[in-house]
J.: 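What follows is a structure written as structure tokens; I'll ask about it next.
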Number of protein chains: 2
Amino acid sequence: MKSSDASEDKSSPKAAIVIQSPAGDKVCPHNNRVSCASCRLSELCLPIALNKSEIQQLDDIVERNRPYKKGDHLYRQNDGFKSVYAVRSGSFKSYVLSDNGQGRVTGFYLPGEIIGMDGIASKHYQNSTQALEHASICEIPFSQLERLSHQLPNLQHHFFAIMGNEIAKDQQVHTLLSSYTAEERTASFLLGLSSRFARVSLSPTRFLLPMTRSDIGEYLGLTVETVSRIFTALQRKGLVDVNNREIELKDIDGLRGIIGSNQAKS
Amino acid sequence: MKSSDASEDKSSPKAAIVIQSPAGDKVCPHNNRVSCASCRLSELCLPIALNKSEIQQLDDIVERNRPYKKGDHLYRQNDGFKSVYAVRSGSFKSYVLSDNGQGRVTGFYLPGEIIGMDGIASKHYQNSTQALEHASICEIPFSQLERLSHQLPNLQHHFFAIMGNEIAKDQQVHTLLSSYTAEERTASFLLGLSSRFARVSLSPTRFLLPMTRSDIGEYLGLTVETVSRIFTALQRKGLVDVNNREIELKDIDGLRGIIGSNQAKS
DNA sequence: TGCTGGACTTAATCCAGATCAATATATACA
DNA sequence: TGTATATATTGATCTGGATTAAGTCCAGCA
């Protein structure tokens, strides 16, 4: 609505950019003392489908470290695999580095999502993962998670489901990358973000991108320039409103239509 | 099996194109009575890391159905998820269909590999999967696998590893699709097949492709024409010898070099 | 307060791979 | 066994997005 609120006082409000925290939260979103039982993400994260005492057992193995600053690494490619991580606040990106130093982003992670499962099989993380903004994490040592899963069938079941979900998502991305145009990929990316923000009770139509255009391009297999151009084009079509990192989706169905049009041609 | 029944007017006489069977195997590779304990794929499949009695318990929940003919479906997109499947012989492809009927291949599966994990989370398969040639399968009802995993920590651990491996592989494909050229993708695809054939004791340098050029193109995000042209180009460079479905890799390091060259530019 | 370097945008040109088209070869099937 | 239908190859042309280039707009900070 008021698109000019930033122009009134541009010098002071730094804390205001923490957009991942729904208004009304009593505690700082990066607070590291919140328990699984009281965590507002428990419905998305591992505790779902566990009963009170089971949640307590999970809570006992979770390690809540100090918050991460923008750019801090959770782990680096080839580090020994030790834990999976649940995002509590903020956001992360995973990327692999080719020999020339050019990276390719393999994933973005928002609150309630699980990071690090790519290391389970080989016992080494396959990518590097760093915070895109101030962020906090629940670290779950994997050997303890396995032990607990063995005791709690519900937890085993749920972790199988979490991994299965990751596999299903990755296959969708495969299809996206192998057959969608730049515009379709970008529209799909925005819609995906939108529903992930909605999951954590944030607006599905107005949000701040935690990542750069370059990150998006690397993730979608496009260049920065193309991402930028597509944003402009989508804006001209009246589907979105883009203002630097600030995104407003003005016509969700229109965006869906862009993806659908891929399949519309006889 | 071969003892012919009284009814001979059924059209039955086809079973010769089986290339995946190492010479000297005493039993037909599609034999559906082989137990996990005696299966020559046990070192790749679920039984690995289980002891004798554990393997027996796994064996008890495995269902060995009749072999699949080329084109037969294991399951179709949106079917209710019930089982994961281990390929015993032959090969399969998974694909999703866009509304216009054009498919995109999401994966190929060789002996010892596990199919169907994309359905675990949503309880519905996310793709359709069909045999690329005469093939046989071990069906493992997932609810029983979960129950057994709960009793056997080794099995739980191993299935977590199998799923983690799938996730790691999918992320490599993500990188492949988002940043490799057509030639790099194709070289990488051939090398990948090569090591998967090696895993099942087949030649890593001479093999038959079970899939069409079109399947390969859909998987790699390329057109048939491009795949065909790249094959010709690789042959001209002396890296491979292509004869219809018959492939010989003549210079593995050369092929690796093609992929490496992606990263060589300063 | 002005400097510096990263992030973003826009435009001009180029090229890898798509598309279109024609033909050749293999495989299935009557 | 021959014919129909998938599969594969090859060439000519087109085009979406990369590349190159030249900026603008910031936020961080000495």
Side-chain angles (χ1 to χ4, degrees), chain A residues 6-7 9-17 69-71 93 102-104 132-134 177-186 208-218 220-236 242-247 258 261-262 265-266, chain B residues 10-17 19 69-71 93 102-105 132-134 177-186 208-218 220-236 240 242-247 258 261-262 265-266:
Chain A
S7 60
D9 186 351
K10 47 169 65 171
S11 51
S12 61
K14 202 150 301 182
I17 6 172
K69 296 193 307 295
K70 178 175 177 173
K93 73 166 176 184
Q102 223 209 343
R104 300 311 294 198
L132 290 167
E133 59 191 313
H134 200 65
L177 292 176
S178 69
S179 62
Y180 283 25
T181 65
E183 194 178 42
E184 289 161 353
R185 292 180 202 190
T186 309
L208 286 189
L209 294 175
M211 73 292 284
T212 67
R213 303 283 191 274
S214 173
D215 288 334
I216 298 173
E218 286 176 21
L220 295 177
L222 304 170
T223 58
V224 208
E225 294 91 332
T226 299
V227 173
S228 182
R229 257 187 284 272
I230 301 282
F231 276 2
T232 307
L234 292 177
Q235 182 158 37
R236 255 198 275 278
V242 184
N243 232 314
N244 205 19
R245 298 286 182 94
E246 208 177 315
I247 301 285
I258 283 194
S261 67
N262 177 42
K265 71 165 182 183
S266 78
Chain B
K10 283 273 173 76
S11 53
S12 51
K14 54 179 62 167
I17 18 167
I19 61 139
K69 294 193 309 296
K70 177 175 178 174
K93 75 167 178 185
Q102 222 209 344
R104 301 310 294 199
V105 172
L132 289 167
E133 58 191 314
H134 199 65
L177 292 176
S178 70
S179 61
Y180 284 26
T181 65
E183 193 179 42
E184 289 161 352
R185 292 179 203 190
T186 308
L208 286 189
L209 294 174
M211 73 292 283
T212 67
R213 303 284 191 275
S214 172
D215 288 335
I216 297 172
E218 284 175 23
L220 295 176
L222 304 170
T223 59
V224 207
E225 294 93 330
T226 298
V227 174
S228 183
R229 260 187 275 270
I230 302 281
F231 276 2
T232 306
L234 293 177
Q235 182 157 37
R236 257 197 275 276
V240 303
V242 184
N243 231 315
N244 204 21
R245 298 287 182 93
E246 207 177 316
I247 301 284
I258 283 193
S261 67
N262 176 43
K265 72 164 183 184
S266 76

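Everything quoted here is computed from the prediction, not taken from an experiment. Reminder, nothing fancy here: chain letters follow the sequence lines and each chain counts from 1. All values below come from the heavy atoms of this structure, side chains included, with hydrogens, waters and symmetry mates left out.
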J.: Starting from C1' on C:dA7, measure out to CZ on A:Phe231 and report it in whole angstrom.
T.: 13 Å
J.: Closest approach of A:Leu222 and A:Arg185, non-hydrogen atoms and distance?
T.: CD2-NH1, 4.1 Å
J.: Between C:dC20, D:dG17, C:dT10, spot the one nearest the side chain of A:Ala182, thanks.
T.: D:dG17
J.: Go nucleotide by nucleotide along DNA chain D from the 5' end; which of B:Val227 and A:Glu183 gets its closest nucleotide reached first?
T.: B:Val227
J.: More 5' along DNA chain D: A:Arg185 or B:Thr226, using each one's nearest nucleotide?
T.: B:Thr226
J.: Would you mind reporting whether B:Asp215 and B:Leu132 have side-chain heavy atoms less than 4.5 Å apart?
T.: yes
J.: In whole angstrom, give the distance that lies between atom CD of B:Glu218 and atom P of C:dA18.
T.: 12 Å
J.: Looking at B:Arg104 and A:Ser178, would you say the former's side chain and the latter's main chain have a donor-acceptor pair under 3.5 Å?
T.: yes
J.: Report the nucleotide, chosen from D:dT20, C:dC8, D:dT10, that has the shortest atom-to-atom distance to any side-chain atom of A:Asn244.
T.: C:dC8
J.: Base, sugar-phosphate, or nothing: which does A:Thr223 touch, judged by heavy atoms less than 4.0 Å apart?
T.: base
J.: Would you check, one step at a time, whether the test side-chain contact (heavy atoms from CB on, under 4.5 Å) holds for B:Phe231 with B:Thr186?
T.: CA-CA 8 Å; B:Phe231 276 2; B:Thr186 308; 3.4 Å; yes
J.: Which of the following nucleotides, C:dC8, D:dA18, D:dA8, is nearest to the side chain of B:Arg245?
T.: D:dA8
J.: Name the nucleic acid region contacted by B:Gly217, choosing base, sugar-phosphate or nothing; use a 4.0 angstrom heavy-atom cut-off, strictly under.
T.: nothing
J.: Rounded to whole Å, please give me the gap between CG in B:Leu220 and C1' in C:dA18.
T.: 15 Å
J.: Considering just the side-chain nitrogens and oxygens of B:Arg213, establish if one lies under 4.0 Å of OP1 or OP2 belonging to D:dA8.
T.: yes
J.: Mind calculating the distance between NZ (B:Lys69) and P (C:dT27) to the nearest angstrom?
T.: 19 Å
J.: Which residues satisfy the side-chain contact (heavy atoms from CB on, under 4.5 Å) test with B:Ser214, sequence neighbours excluded?
T.: B:Thr212, B:Glu218, B:Val224
J.: From CD of A:Glu133 over to C1' of D:dA27, roughly how many Å is that when rounded to an integer?
T.: 16 Å
J.: Is A:Ser214 close enough to C:dC8 that one of its side-chain N or O atoms is under 4.0 Å from OP1 or OP2 there?
T.: no
J.: With nearest nucleotide decided by heavy atoms, which residue, A:Val224 or B:Ile230, maps closer to the 5′ end of DNA chain C?
T.: A:Val224
J.: Could you check whether any side-chain N or O of A:Arg213 sits under 3.5 Å from a backbone N or O of A:Thr226, counting only pairs where one atom can act as donor and the other as acceptor?
T.: no
J.: For a quick check of understanding: with a heavy-atom distance under 4.0 Å over all strands, which category does B:Gly71 fall into, base, sugar-phosphate or nothing?
T.: nothing
J.: Could you give the CG-to-C1' distance, from A:Asn243 to C:dA7, as a whole number of Å?
T.: 14 Å
J.: Among C:dG17, D:dA8, D:dA21, find the nucleotide with the atom closest to the side chain of B:Thr181.
T.: C:dG17
J.: To the nearest Å, how far apart are B:Leu234 CG and D:dT10 P?
T.: 13 Å
J.: CZ of A:Arg236 versus P of C:dT10: gap in Å, rounded?
T.: 7 Å
J.: Among D:dT9, C:dC20, C:dA7, which nucleotide has an atom closest to any side-chain atom of A:Thr212?
T.: C:dA7
J.: So, does the side chain of B:Arg229 form a donor-acceptor pair with the base of C:dT19 at under 3.5 Å?
T.: yes
